[in-house]
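Single-structure report; data block below.
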Amino acid sequence: MQSTDLSDVHPFGAGRFAALVIGWQQQQGRHDLPWQLDITPYKVLVSELMLQQTQVATVIPYFERWLQRFPTIEALAMAGQDEVMGLWQGLGYYARARNLHKAAQAIAARGSFPDDLHSLQQIPGIGRYTAGAILSFAYDSYGPIVDGNVRRLFCRLFALEGYAGQSRLEKQLWQLAEQLTPTQHNRRFAQGLLDLGATLCTARQPDCDSCPLQSGCQAYALQQVEQFPMPKPKKAKPSRQGHFLWVQQQGQLLLEQRPDKGIWSSLLTLPEVEPEHPLLQQAKPIGSFRHQFSHYQLDATIWQPQLQVQETAQHGWYASRQLANIALPAPIRKWIEQQLKQSDLD
DNA sequence: AAACCGTGGTC
DNA sequence: TGACCAAGGTT
């Protein structure tokens with residue numbers, strides 16, 4: 001491990017660093033995001049879960065709808081899973097929705113919102129970053145954060161080698177975060193780190209001329225800003241086949257609830273069968289699509305079976321007017337809507 | 001440690 | 001247009 005003496009690894013003292021970030025945030029940072037208005041721990045929790053690996057612009061309409069329907073943590077705790085997943089549909093990483101639901105129930109049962117690092121990390125969906133973010137944003141108290149923005153900022157400032165997820169780098173980043181995070185104006189400091197990463201210290205074409213930390217940035221001094229952080233070594237993306245059934249009966253469509261693990265967990269889909277399933281022998285293919293996930297490519301075929309489908313407890317019938325309010329995976333929704341539009345024209 | 005988990009925006 | 005990226009967590 002490297003030195004723990006801060007003065008060895010960065011040119012600003014911790015106090016000076018925080019003052020620069022805080023001052024810049026006040027003048028140049030973002031102040032009008034929906035979750036920055038009338039801040040409550042619940043709003044911070046919802047926004048942070050939604051923002052995990054998801055862009056701000058994508059989250060905003062989901063956040064607004066969510067707060068309208070579930071204004072309080074008690075309202076969310078009492079809701080059914082169908083409605084929770086329905087409001088999350090299209091946002092991706094659906095375990096976050098289940099975690100948020102469970103978090104609301106746990107906090108409601110607990111009687112108070114947790115306000116320390118350890119208690120926060122016991123809550124489903126809250127890891128080290130989100131716990132620090134809640135301390136900073138909800139309570140304006142000491143809460144170190146390392147997310148993608150902070151990782152990029154620190155890797156450049158200190159010319160840190162390694163890529164996201166490498167334990168040695170992550171350890172360095174968290175140690176720096178703990179040392180550089182002040183004990184005052186913490187909300188503004190944390191927001192400043194994120195704003196710097198999101199608006200100046202960006203992945204491509206960083207705006208170093210506008211950066212308040214330029215004079216202390218090692219990557220800038222080396223003229224290698226865009227060489228940090230090092231890219232993760234990438235692997236080939238495998239391709240998988242999926243076979244889905246199109247079964248209509250009296251104007252209704254057969255859908256299947258997916259299990260709470262795996263891809264599209266807890267969502268409804270067209271029933272999926274194994275490629276060897278006997279139904280496919282007598283079925284005719286009526287469509288296909290290709291969908292890119294982050295870690296594999298799905299080549300889907302949709303079949304219209306000629307034989308009766310064995311229904312299970314996971315199956316249900318849905319009229320087309322119901323489809324808008326149920327939780328469907330984005331590519332499945334797209335295909336269904338296109339199919340229904342075409343059959344309406346017949 | 002490394003795989004798994006989604007989707008849409010961007011260039 | 002494909003590859004990268006985005007306020008990570010869980011297993």
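Convention: sequence-line order gives letters A, B, ...; per-chain numbering from 1.
Of the residues in residues 257-265 of chain A, those lying under 4.0 Å from DNA chain B by heavy-atom distance are A:Gly262, A:Ile263, A:Trp264. Across residues 46-74 of chain A, A:Gln53, A:Thr54, A:Gln55 each have a non-hydrogen atom less than 4.0 Å from an atom of DNA chain B (numbered order).
Across all strands, A:Trp35 comes closer than 4.0 Å to base atoms (heavy-atom distances). Base engagement by A:Leu33 is indicated by at least one non-hydrogen atom pair under 4.0 Å involving a base atom. Residue contacts shown for A:Ala133 are absent, as no nucleic acid heavy atom lies under 4.0 Å away.
Nucleotides C:dG9 and B:dG8, compared at atom P, are 23 Å apart to the nearest Å. Across the C1' atoms, B:dA3 and C:dA7 are found 22 Å apart, a figure rounded to whole Å.
Following rounding to the nearest Å, A:Leu91 (CG) and B:dG9 (P) show an atom-to-atom distance of 12 Å.
Distances shorter than 4.0 Å separate none of the side-chain N or O atoms of A:His295 from OP1 or OP2 on B:dC4.
With hydrogens and angles ignored, a donor-acceptor pair under 3.5 angstrom links the side chain of A:Arg30 to the base of C:dA7.
Heavy atoms of other residues, nucleotides or ligands lying less than 6.0 angstrom from NZ of A:Lys237 number more than 12.
At distances below 3.5 Å, not a single donor-acceptor pair connects side-chain atoms of A:Asp299 with backbone N or O atoms of A:Arg290.
Heavy atoms only, all atoms of each residue included: A:Ala283 and A:Pro305 are closest at CB-CA, 3.7 Å.
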Every protein N/O lying under 3.5 Å from an N/O of nucleotides 1-4 of chain C:
unit_1 : atom_1 : unit_2   : atom_2 : d
C:dC4  : OP1    : A:Lys234 : NZ     : 2.8

